[in-house]
Asker: 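Please read through the structure below; I'll follow up with questions.
Every heavy atom of this structure was used, including side-chain atoms; hydrogens, water molecules and symmetry mates were not. All values derive from a computational prediction rather than experimental measurement. Below, chains carry the letters A, B, ... as their sequence lines are ordered, and counting in each starts from 1.
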There are 2 protein chains.
Amino acid sequence: MGLLGNAMKTFWKFGFHVVSMGDLVRETGVSRGGIYSDYSSKRALFHACIDHYEDVVIKPVFAPVEEAAAGVEGIRTYLEALLTRFDTNQNFGRGCLVGNTFTQLAEGDDETRQKILRFYARRTCSYSNALSYENSSNNRLTEADVEGLASYVTISVQGLWSYSRLVQDSSVLRQYCDMLLAYLESHLRGTPRSNYRTV
Amino acid sequence: MGLLGNAMKTFWKFGFHVVSMGDLVRETGVSRGGIYSDYSSKRALFHACIDHYEDVVIKPVFAPVEEAAAGVEGIRTYLEALLTRFDTNQNFGRGCLVGNTFTQLAEGDDETRQKILRFYARRTCSYSNALSYENSSNNRLTEADVEGLASYVTISVQGLWSYSRLVQDSSVLRQYCDMLLAYLESHLRGTPRSNYRTV
DNA sequence: ATTGTACTAGAACGATCGTTCCACTACAAT
DNA sequence: ATTGTAGTGGAACGATCGTTCTAGTACAAT
């Protein structure tokens with residue numbers, strides 16, 4: 001799996017401050033010298049892990065949202081994949097590496113903070129595109145409404161990831177996803193507003 | 001403000017692992033000996049801080065949800081109070097002490113984990129009671145639906161607290177609350193389902 | 001065969017950690 | 001006036017931290 005992958009897993013599970021270089025040496029199988037020849041510091045390695053996390057963990061599972069014609073179904077596919085992970089993978093109980101990180105940001109660590117902000121901005125932008133596509137069929141919502149809905153999804157999914165770290169089985173998470181998706185559909189797929197007004 | 005209050009603030013802002021005993025001495029104004037005469041360890045102090053947090057931070061602002069006839073309005077009042085805090089207080093940017101903590105739980109720290117689980121169980125139970133009261137006027141939802149809705153609120157509010165740590169102004173949080181409350185109302189206050197079926 | 005590269009295990013560095021201890025002070029109770 | 005209590009500032013403890021360094025090994029390229 002490699003240095004980066006194993007380091008990512010370790011940070012993901014325990015958090016930056018809890019993980020020591022000794023832990024990393026043990027979990028990655030790479031010596032101290034080997035780690036420091038590739039990364040200048042524990043923090044630099046951690047930043048690389050965040051990038052790696054977005055590439056190998058988030059990107060594949062998030063891909064359905066980023067398709068041109070994603071719509072609510074794209075978001076549904078994403079959430080289904082998340083729930084499957086929670087059920088079948090060893091990833092259950094870890095939450096989201098990025099989401100975990102910003103609850104333990106040291107003051108003044110603006111580089112990490114900016115990294116995280118950009119991460120969430122990309123998610124929200126993708127949600128916005130997906131929902132905008134869905135909305136384009138009947139234009140029930142204004143663009144501002146779609147943006148608001150996209151932020152709603154970002155924050156809700158943050159809650160979902162967080163909570164997945166705490167609970168033991170995924171049924172409550174599954175129910176949460178169903179309700180979230182029903183909410184999106186009720187906003188986007190219901191009878192267009194104009195019909196309500198003119199009838 | 002006292003030892004407990006200042007220690008709580010410090011842990012809240014930076015997280016358990018980042019805060020050192022030296023930080024606590026500086027921030028609380030109490031000497032090392034003074035702290036250790038009251039609490040057996042840093043961890044014991046932290047646990048006391050979580051209890052103190054629930055008492056002095058959560059309980060007052062959460063009270064409207066726990067009233068007998070809370071309903072969705074009780075939850076609205078709670079969320080409004082949260083948003084006001086985010087806007088006016090120095091608490092902005094800290095998130096929730098409990099929510100922050102479980103993203104950085106060390107493996108095997110079951111005592112803290114149980115503390116956190118109980119915290120969220122109490123929130124969900126209160127939401128359930130509040131929503132059950134609202135539902136009692138028309139019994140639109142089953143008891144199981146009300147439970148599901150209560151979990152939905154718990155997870156959503158977790159997302160809200162988390163995200164409050166990241167964003168700079170509260171407008172996106174305010175919008176989130178409005179949408180969440182509208183969702184609750186649409187489930188509880190709409191025309192009873194039986195009407196849809198018989199008409 | 002030699003050189004260079006990449007890596008290893010682990011010693012060692014200074015710093016800081018949580019914790020304990022000590023001598024001392026302030027002050028209320030007797 | 002004496003005692004007891006509670007707390008102070010700060011030294012000191014062993015442990016562990018992130019980081020650097022050294023000596024040695026494996027192996028591909030020349």
Asker: Before you tell me yes or no, could you show the steps for B:E185 and B:R76 under salt bridge (Lys or Arg N to Asp or Glu O under 4.0 Å), namely the whole-Å CA-CA distance, both residues' side-chain angles and the distance that decides it to 0.1 Å?
Answerer: CA-CA 11 Å; B:E185 288 180 352; B:R76 181 187 306 278; 2.5 Å; yes
Asker: Counting heavy atoms from C-beta on, name the nucleotide in C:dA11, C:dT19, C:dT8 closest to the side chain of B:Y36.
Answerer: C:dT19
Asker: List the steps, then state whether salt bridge (Lys or Arg N to Asp or Glu O under 4.0 Å) holds for B:R26 with B:D23.
Answerer: CA-CA 5 Å; B:R26 184 171 18 85; B:D23 294 331; 2.5 Å; yes
Asker: Taking the nucleotide of DNA chain D with the nearest heavy atom to each, does A:G33 or B:R32 sit closer to the 5' end?
Answerer: B:R32
Asker: Please determine, by modelled atom types, if A:S126 and A:E66 share a side-chain donor-acceptor pair under 3.5 angstrom.
Answerer: yes
Asker: Please work out if B:V30 contacts a base, only the sugar-phosphate, or nothing of the nucleic acid, heavy-atom cut-off 4.0 Å.
Answerer: sugar-phosphate
Asker: Would you classify B:V18 as touching base, sugar-phosphate or nothing, given that sugar-phosphate means primed atoms plus P, OP1 and OP2, and contacts are heavy atoms under 4.0 Å?
Answerer: nothing
Asker: Within the distance-only criterion (no hydrogens, no angle test), does the side chain of B:S136 pair as donor or acceptor with the backbone N or O of B:Y133 below 3.5 angstrom?
Answerer: yes
Asker: Need one value for B:S20: base, sugar-phosphate or nothing, where a base atom within 4.0 Å counts as base even if backbone is also close, heavy atoms only.
Answerer: sugar-phosphate
Asker: Between which nucleotides of DNA chain D, read 5' to 3', does contact with chain A run, using atoms under 4.0 Å from its heavy atoms?
Answerer: D:dC17 to D:dT20
Asker: Checking B:S156 side chain against B:V153 main chain: does a donor-acceptor pair fall under 3.5 Å?
Answerer: no
Asker: With a 4.0 Å cut-off on heavy atoms, is A:V25 in touch with a base, just the backbone sugar-phosphate, or nothing at all?
Answerer: nothing
Asker: Salt-bridge test for B:E27 and B:K13: reply yes if a basic N is under 4.0 Å from a carboxylate O, no otherwise.
Answerer: no
